[in-house]
Amino acid sequence: MKRTKIAELLNSTSSDERVLIQGWVRTRRDSKGFSFIEVNDGSCLGNIQVIADAALDNYEDLRKLIAGSAIGVTGELVASPGKGQAWEIRASRIDIIGDASESYPLQKKRHTDEFLRTIAHLRPRTNKYGAVFRIRSELSFAIHRFFRDHGFRYIHTPIITGSDCEGAGELFRVTTLDVNDPPKRAGTVDWGADFFGKEANLTVSGQLSAEMLAMALGDVYTFGPTFRAENSNTRRHVAEFWMVEPEMAFCDLECNMAFAQEMIQYLTTYILQECQEDIQLFARFVDKTLISTLSVISQSEYVRLPYEEAVDILNHAPRSFEFEVASGKDLQSEHERYLTEVHFKKPVIVFDYPKTIKPFYMRLNDDDKTVAAMDVLVPRIGEIIGGSQREERLHVLEQRMKDCGVTREDYWWYLDMRRFGSVPHSGFGLGFERMLMMLTGISNIRDVIPFPRTPNSIEF
RNA sequence: UCCUCGGUAGCUCAAUCGGCAGAGCGGGUGGCUGUUAACCACUAGGUUGUAGGUUCGAGUCCUACCCGAGGAGCCA
């Protein structure tokens, strides 16, 4: 007999004489002559209540079931006489598929996130983490659907890269050399003897590759893992995370900003509609203001704020900051939070940053001082998107690389593209986990990815 | 990497001025009951993060280290 998912049964409109469910015991209560077993199979937040009658031939074993055990239940789906659930299953047969030991660490009470991180292999079985990972899946799907509906092509850019200085954080080296005894040449490691014949690293961004595909397919996007070896210890950083990077030909900064807003709003609306039950859990237990926050994000127009105006607002703010606000310096976390949480109380897109604090590939504005960069800042999370219009003019790009100390030889193909039908184009990177934090109200990024990688932590 | 705070039973926490290491939950046993974070009774469970030190006596004070969290920087 084929198993039915619990999500389907809980949404039933009629009873059913014979169903099979398989899942894990969340809790069990005894009554006179029978036992209530609540089972969850991960298909939805809710459990289904199973009535195990004492007449079942393995009833003595069933009475010893504890949370975490895996069982299969065959029985009749009937309207529940009790309060708290519409349907329940009167079991005619219950198979114990996998017993759980009494040391099963998950209890029916609330656990701290810190403790659950130490049992990351089991935490998906809790209500909260089950909900996060279902939303994570739905958000992934929504991203593909959004881009497909907008005529974008999904592309795969390399995970291992030979570009050694893309300007975004520290890199993880990839090598097959014997680290204890590497081949040397003139006293230093001979990378020419390594697998690729030169130094290789894990990618920090698929952008430069994506630009090449955008120059052929028009509108493209990547959605894949990204690696940063930065020694960051914050609730917003992990060493391995997923990033969505659209790249659009014939698109300027204005077009880029409009698209970024449309995308965030589409995704937020999608999750609010498709994951109502799971989102409600976060609205109730994690962040009481979640629904209203997400309404603002999904419906209101985002503030467009030139960098210089942002500095101006901050300088005139009726409060002081720990770090001074000065034109030419990057905005600090506290400044971003003031703009989104206090001053505007909604997402803010800051654009036209000083060229001195941005990488070489961003397009130089006519003022020769700023570049066509933009950051989308949202309340509580801070920067969720970083993007720009790319420099499509060969001579300007060459000059910028020189100014930024980037060696042209490493990017010959990137420059070469500017010789053959170069067009204005733009793109951005959306932090997938940060988007999940925004959608769920979860405050630590380690709790929206199943097995987080952070400095000194690669368990599981 | 820097700053701040924390580490006591499987989990969440308490322990007064330095004076017998406790509770709830979870586990086990028994009872009761269409229950639903069920309830009642009993019971087992501890190298107080690690290593030193001060003291008649250290969970408590001192030193070093380890681990965790929050903030900062870096960024998505």
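Residue numbers begin at 1 in each chain, while the letters A, B, ... track the order of the sequences.
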Expressed in whole Å, how much space separates the [atom1] atoms belonging to [N] and [M]?
{"N": "B:G59", "M": "B:A51", "atom1": "P", "answer": "14 Å"}
{"N": "B:C75", "M": "B:U1", "atom1": "C1'", "answer": "16 Å"}
{"N": "B:U63", "M": "B:A58", "atom1": "C1'", "answer": "15 Å"}
{"N": "B:U48", "M": "B:A14", "atom1": "C1'", "answer": "13 Å"}
{"N": "B:G71", "M": "B:U35", "atom1": "C1'", "answer": "46 Å"}
{"N": "B:A64", "M": "B:C20", "atom1": "C1'", "answer": "31 Å"}
{"N": "B:U8", "M": "B:A21", "atom1": "C1'", "answer": "8 Å"}
{"N": "B:C11", "M": "B:A69", "atom1": "P", "answer": "16 Å"}

Do the rings of [X] and [Y] sit parallel, tilted or perpendicular, given the 30° and 60° boundaries?
{"X": "A:F115", "Y": "A:H111", "answer": "tilted"}
{"X": "A:F259", "Y": "A:F146", "answer": "tilted"}
{"X": "A:F360", "Y": "A:Y414", "answer": "perpendicular"}

Q) What heavy-atom pair brings A:A283 and A:L290 nearest, and what distance separates the two atoms? A) N-CD2, 3.9 Å
Mind listing the N/O atom pairs, protein and nucleotides 67-70 of chain B, below 3.5 Å?
from	atom 1	to	atom 2	distance (Å)
B:A69	OP1	A:R117	NH1	2.8
B:A69	OP1	A:R446	NH1	2.7
B:A69	OP2	A:R446	NH1	3.0
B:G70	OP1	A:N444	ND2	3.0
B:G70	OP2	A:N444	ND2	3.2

Could you tell me the separation between the [atom1] atom of [X] and the [atom2] atom of [N], rounded to a whole number of Å?
{"X": "A:E433", "N": "B:C75", "atom1": "CD", "atom2": "C1'", "result": "13 Å"}
{"X": "A:F321", "N": "B:A72", "atom1": "CZ", "atom2": "P", "result": "13 Å"}
{"X": "A:I66", "N": "B:U29", "atom1": "CD1", "atom2": "P", "result": "11 Å"}
{"X": "A:F241", "N": "B:A76", "atom1": "CZ", "atom2": "P", "result": "7 Å"}
{"X": "A:F34", "N": "B:U35", "atom1": "CZ", "atom2": "P", "result": "8 Å"}
{"X": "A:L106", "N": "B:C25", "atom1": "CG", "atom2": "P", "result": "19 Å"}
{"X": "A:N231", "N": "B:A72", "atom1": "CG", "atom2": "P", "result": "16 Å"}
{"X": "A:I442", "N": "B:A76", "atom1": "CD1", "atom2": "P", "result": "22 Å"}

Give a yes or no on whether a salt bridge exists between [X] and [Y], defined as a side-chain N under 4.0 angstrom from a carboxylate O.
{"X": "A:E433", "Y": "A:R236", "value": "no"}
{"X": "A:E341", "Y": "A:R380", "value": "no"}
{"X": "A:D447", "Y": "A:R117", "value": "yes"}
{"X": "A:K329", "Y": "A:E324", "value": "yes"}

In [range], which ones come under 4.0 Å of RNA chain B, going by heavy atoms?
{"range": "residues 331-351 of chain A", "answer": "A:Q332, A:S333"}
{"range": "residues 38-45 of chain A", "answer": "A:E38"}
{"range": "residues 135-143 of chain A", "answer": "none"}

When you get a sec, tell me which of [options] is the closest nucleotide to the side chain of [X]?
{"X": "A:F36", "options": "B:U35, B:A72, B:A76", "answer": "B:U35"}
{"X": "A:Q85", "options": "B:A76, B:G28, B:U35", "answer": "B:U35"}
{"X": "A:R434", "options": "B:A76, B:A72, B:U1", "answer": "B:A76"}

**Q.** side chain to side chain donor-acceptor pair (under 3.5 Å) involving A:E88 - partner list, sequence neighbours excluded
**A.** A:Q49, A:S80
For a quick check under 3.5 Å, do [X] and [Y] share a side-chain donor-acceptor pair by atom type?
{"X": "A:N444", "Y": "A:D113", "result": "no"}
{"X": "A:S103", "Y": "A:S101", "result": "yes"}
{"X": "A:Y307", "Y": "A:D375", "result": "no"}
{"X": "A:R26", "Y": "A:N127", "result": "yes"}

Q. Does a distance-only test, which skips hydrogens and angles, find a donor-acceptor pair under 3.5 Å between the side chain of A:S232 and the base of B:C75?
A. no
(Q) Base contacts versus sugar-phosphate-only contacts with protein, heavy atoms under 4.0 Å: please encode nucleotides 6-11 of chain B as B, S and - from 5' to 3'. (A) ----BB
Q. Between A:R123 and A:K128, is there a donor-acceptor pair closer than 3.5 Å when you use the side chain of the first and the backbone of the second?
A. no
Q) Hey, is the main chain of A:F141 close enough, under 3.5 Å, to the side chain of A:H144 for a donor-acceptor pair? A) no
Q: Scan residues 253-263 of chain A for pairs that pass salt bridge (Lys or Arg N to Asp or Glu O under 4.0 Å), counting only residues two or more places apart or in two chains.
A: A:E254-A:R304
Each nucleotide N or O in nucleotides 42-46 of chain B that has a protein N or O under 3.5 Å away: list the pair and distance.
none

Q. Between A:P81 and A:F323, which is nearer to the 5' end of RNA chain B once each is assigned its nearest nucleotide?
A. A:P81
Q: Report the C-alpha distance between A:Q207 and A:E211 in whole Å, list the side-chain angles of each, state the deciding distance to 0.1 Å, and finish with yes or no for side-chain hydrogen bond (donor to acceptor under 3.5 Å, both in side chains).
A: CA-CA 6 Å; A:Q207 179 203 319; A:E211 283 186 51; 2.9 Å; yes
Q) Any side-chain heavy atom of A:Y221 within less than 4.5 Å of one from A:Y154? A) yes
(Q) For a side-chain hydrogen bond (donor to acceptor under 3.5 Å, both in side chains) check, start with the C-alpha distance between A:S31 and A:R29, then their side-chain angles and the critical distance, and finish with the verdict. (A) CA-CA 7 Å; A:S31 191; A:R29 297 176 290 275; over 6 Å; no
Q.
For B:A37 and A:R26 - does any side-chain N or O of the residue sit under 4.0 Å from the phosphate oxygens OP1/OP2?
A. no
What's touching nucleotides 30-32 of chain B from the protein side, N or O pairs under 3.5 Å?
none

Q.
Suppose the criterion is side-chain hydrogen bond (donor to acceptor under 3.5 Å, both in side chains): which pairs have a residue in residues 11-25 of chain A, not counting sequence neighbours?
A. none
(Q) Only Watson-Crick and G-U wobble pairs, only distances under 3.5 Å, only runs of 3 or more: what stems does that leave for RNA chain B? (A) B:1-7 with B:66-72, B:10-13 with B:22-25, B:27-31 with B:39-43, B:49-53 with B:61-65
Q.
side-chain hydrogen bond (donor to acceptor under 3.5 Å, both in side chains) for A:E245 and A:S205? Distances and angles first, verdict last.
A. CA-CA 8 Å; A:E245 297 179 284; A:S205 165; 2.8 Å; yes
Q: State which residues pass salt bridge (Lys or Arg N to Asp or Glu O under 4.0 Å) with A:D30; sequence neighbours excluded, sorted by chain then number.
A: A:R28, A:R63
